Amino acid sequence: MIAEGVPLPYLYRLTPPTDQHELAGLEFRALTGDVEPPPRLHGGDYRTEGTARIAWARVGVDVARAAYAGECSRLLAMGADLEGMLAGARKLSLRMERFRVRVRKLPGVDEPGSQEIERLVANAITGHPDLTRPAIELIVHAEPGRWLLGELVSRAGRDWRGHEQRPHQYSSALPPRIARAMVNLVAAPGDTLIDPCCGVGTVLVEAADMGVHAIGCDLNPRVVEQAAGNLCHHRLRADLICADGRDLHGRFDGAVLDLPYGQSSRRDEDVCRGLVARAVEMARLVAVVTVGDMSEALTAMGAQLLGIAELPKGGIVRRVHWARGRVD
Ligand SMILES: C[S@@+](CC[C@H](N)C(=O)[O-])C[C@H]1O[C@@H](n2cnc3c(N)ncnc32)[C@H](O)[C@@H]1O
């Protein structure tokens, strides 16, 4: 069924801002279960190609909770141009009831118009379209030199968009979209997650929203109260502890660690290393974000690095380190 030269049967449209594309690559691997470390640990270009950042996978998964994967489709036909893709579709003798065609055009594809593309694709299918309540959605991805026709498997929910509105902000808080991707690196719905430096609870809100049982901890009692306020504002639940994250114990599926900034002194650096070491001991998967490079430290602690994503912000670059912890 699949045209020659196509590596894998499912395609995902990733929609990160340019400064977050490496993290999008890591999240894509986590969602599709591809957690073996690739030869190149930086996430961005991993199996993504083309201006659309189409990523390919062997499996078609639900991307409702994804921060960056906009849509997942099963590939039906492809061609170098519209005619080539339509020829591929006709060969399949597709029969579909209540279908709808949507067009995703990228810069450089001006003609024909989207409505005309929809009409031509619909003509290649036997059955009746339904534009208001379709049972099947077909997606055309059009970019210069490559036209893809896929059947929609799942679409992202984008719930994180509403999470920026909250009673308590924090200058060093993560943006909700980045926090959501970090959660997806280490946990799935039903899992338990620890955030040892939870601040005002950005990670906890995303985790709880996705059905992950989250436990947050912070040394600062004021921000722990604020985290409770932010969770309550979104009608979400997480357990909160006011303590030093280095004193935590337990076993968790995942740990997200957004390390304190300003590691200017030797003591601060030791505290950060202590926090990371504890997280590695407690969790099966860890995601650590910090301004420095923790790769060597993580490896020395017995963690296995799975990927790194750089997140430029103003004049600094933060790095997300994704690793297997020491819990089986
Ligand atoms: C970068 S902020 C985390 C922000 C958080 N991710 C958010 O979005 O609100 C780092 C947090 O670590 C906390 N912290 C610093 N040292 C700590 C320690 N030893 N144990 C627990 N929390 C600590 C700080 O109080 C601060 O809230």
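For ligands, and for the atoms within them, numbers begin at 1 and follow the listed sequence. The structure presented is a predicted model; accordingly, all values stated were derived computationally and were not measured.
Note on ligand 1: A179 sits outside its first shell, no heavy atom being nearer than 4.0 Å.
The protein non-hydrogen atom at the shortest distance from atom 15 (C) of ligand 1 is P260 CG, 3.5 Å.
Of the candidates D218, I241, L257, it is D218 that places a heavy atom closest to atom 27 (O) of ligand 1. The closest heavy-atom contact to atom 5 (C) of ligand 1, among the options G245, P221, G216, C198, comes from C198. Proximity annotation for atom 17 (C) of ligand 1: of D268, V200, L219, D258, L219 comes nearest, heavy atoms only. With atom 2 (S) of ligand 1 as the reference point, the heavy atom nearest to it among G199, S172, G274 is part of S172.
Between Y12 and F28, the distance from one ring center to the other falls under 6.0 angstrom.
Heavy atoms from other residues, nucleotides or ligands lying under 6.0 Å from CD of E137 number more than 12.
Side-chain contact check for R158 and T15: at least one donor-acceptor pair (N or O, by modelled atom type) lies under 3.5 Å.
Every pair passing salt bridge (Lys or Arg N to Asp or Glu O under 4.0 Å) that includes a residue from residues 175-188 is listed here, sequence neighbours excluded: R180-E206, R180-D209.
In A227, neither the side chain nor the backbone holds a heavy atom less than 4.0 Å from any atom of ligand 1.
In this structure, the side chain of T32 does not engage the main chain of A57 through any donor-acceptor pair within 3.5 Å.
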In residues 217-224, what donor-acceptor pairs under 3.5 Å come from side-chain atoms, sequence neighbours left out?
{"unit_1": "D218", "atom_1": "OD1", "unit_2": "N220", "atom_2": "N", "d": "2.9"}
{"unit_1": "D218", "atom_1": "OD2", "unit_2": "G199", "atom_2": "N", "d": "2.9"}
{"unit_1": "N220", "atom_1": "OD1", "unit_2": "R222", "atom_2": "N", "d": "2.9"}

